[in-house]
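Right, one structure below, let's go through it.
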Amino acid sequence: MTVTTMDWNAQIERIRAAKDSTALDALELQMLGRKQGVLTDALKALGSVPPEERKERGRELNEWKEKIVAALAKRRQELGHASLSRLAEDDAIDVTLSLPDSAHASIGHLHLIPEFIRQIEEVFGRMGFDVAEGPEVESEELNFDMLNIPENHPARDMQDTFWIDELPGYVLRTHTSPVQIRYMAEHTPPFRMICPGRVYRKDADATHSPMFHQFEGLMVGRDISLAHLKAILSTALRELIGRDVEFRFRTGFFPFVEPGLEMDMLWQSEGDKEGEGRWLEMGGCGMVHPNVLSNGNIDPEQFRGFAFGFGIERLLMIKHRIKDLRVFYEGDVRFLGQF
Ligand code: FA5
């Protein structure tokens with residue numbers, strides 16, 4: 001193979017003129033490719049050059065190879081810089097540009113229910129409560145039986161259950177209390193947990209919604225008493241409402257606690273002229289019934305615990321002085337945007 005000086009200069013010119021890195025890669029392959037590169041072939045062909053010329057030809061070819069490698073590297077760098085500077089131009093963001101109507105360019109935020117759930121998790125989390133979850137389609141067994149509510153017991157009617165025709169034995173959970181059983185079965189006392197979530201009942205008026213939210217609480221240990229329950233609830237609820245709201249405990253019946261209590265908060269909107277206001281029920285609570293501890297594989301001779309279940313919408317009604325909970329679900333941004 002005869003390789004003239006002119007040939008190599010022309011190749012170097014082609015490298016310098018390469019438009020982009022794809023063209024450059026193709027040139028590199030043509031010249032230095034292991035199988036068909038012209039320079040590689042020329043070096044291989046040195047063997048057939050007469051011995052007296054071989055040394056000189058070899059030196060020459062190696063010089064060209066160095067020049068070609070250097071030209072490729074240089075062009076590659078130039079093209080790299082070119083594409084980076086093009087990127088910088090194309091992607092430039094003008095941070096001073098004002099939006100067409102900046103008054104409406106506000107950033108969204110969470111709906112007040114999930115936001116309140118986060119606060120609940122934070123407040124109880126600081127008191128060492130774990131956050132648990134449970135399914136919304138729940139077995140009748142966990143929603144009722146394991147909670148000491150036997151079949152045909154009137155307590156089943158108290159909760160206006162949605163039954164599922166296609167799935168006998170299952171209901172849309174009427175409360176978050178079945179998560180007590182689920183949690184007890186998987187954890188060894190002492191423990192404390194809360195479980196916020198959606199629940200369902202055939203109920204609809206200004207203070208009742210067919211889908212609403214509750215949060216359950218459960219604390220089990222060797223020496224847990226009603227005093228712990230009251231202390232924890234009073235502290236947490238005051239913090240969640242954000243002001244010193246008036247509340248009261250009164251006795252209440254739930255088959256899964258003994259004794260059982262209900263908690264009400266004074267429901268008085270600003271401007272209410274009624275004077276003494278009204279009490280709105282926030283939730284139920286009490287000492288976990290021994291049968292329920294046994295159903296959760298916990299020995300009631302060794303451990304005691306308290307449980308509570310509160311309505312999230314109801315707490316928000318008190319917190320923001322809202323009279324009708326249906327506004328939570330209407331999706332009216334004039335209402336939601338206030339929080
Ligand atoms: C229960 O659901 C019990 N599981 C609570 C409990 C847990 C008691 C642990 C003892 C131990 P109740 O049915 O009262 O209880 O409901 C609890 C709260 O949910 C009510 O006080 C109320 O705040 C809220 N609530 C009930 N029904 C509705 C509804 N349809 N819409 C909005 N909130 C509701």
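FYI, side chains are in, hydrogens and waters are out, and symmetry mates aren't considered; it's all heavy atoms of this structure. Counting starts at 1 for both ligands and their atoms, in listed order.
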Among Glu216, Glu281, Arg201, the residue with a heavy atom nearest to atom 2 (O) of ligand 1 is Arg201

If the cut-off is 4.0 Å to any non-hydrogen atom of [X], which atoms of ligand 1 fall inside it?
X	value
Cys285	8 (C), 10 (C), 11 (C)
Val257	10 (C), 11 (C)
Asp203	30 (N)
Gly311	18 (C), 19 (O), 23 (O), 24 (C)
Thr207	31 (N), 32 (C)

For [X] and ligand 1, does the shortest N/O to N/O distance drop below 3.5 Å?
X	answer
Ser209	yes
Gln214	yes
Met282	yes
Glu313	no
Gly283	yes

Short version for Phe256: what comes under 4.0 Å of ligand 1, heavy atoms counted, is side chain

Short version for His175: what comes under 4.0 Å of ligand 1, heavy atoms counted, is side chain

Can you find a non-hydrogen atom of [X] under 4.0 Å from ligand 1?
X	result
Leu325	yes
Gln180	yes
Leu218	no

Q) Between Arg304 and Asp223, is the closest basic N to carboxylate O distance under 4.0 Å? A) no

Between the side chains of Arg76 and Asp25, is the shortest nitrogen-to-carboxylate-oxygen separation below 4.0 Å, so that they form an ion pair? yes

Is atom CZ of Phe249 surrounded by more than 12 heavy atoms (other residues, nucleotides or ligands) closer than 6.0 Å? yes

Next on the checklist: Could you check whether atom CZ of Arg326 has more than 12 heavy atoms from other residues, nucleotides or ligands sitting under 6.0 Å from it?
Outcome noted: yes

Tightest non-hydrogen contact, residues Phe116 and Leu240, listed as CE1-O, 3.7 Å

When every non-hydrogen atom of Met317 is compared with those of Asp324, the smallest separation belongs to CE-N, 4.1 Å

**Asked** Counting N and O atoms only, with roles assigned by atom type, does the side chain of Arg192 sit under 3.5 Å from a partner on the main chain of Gly217, one being a donor and the other an acceptor?
**Response** no

| said: Ring-plane angle category for Phe310 and Phe308, please: parallel below 30°, perpendicular beyond 60°, tilted otherwise. | reply: perpendicular

Centroid-centroid under 6.0 Å between His228 and Phe306 rings: no

key: Check: Phe256 ring centre within less than 6.0 Å of His175 ring centre   = yes

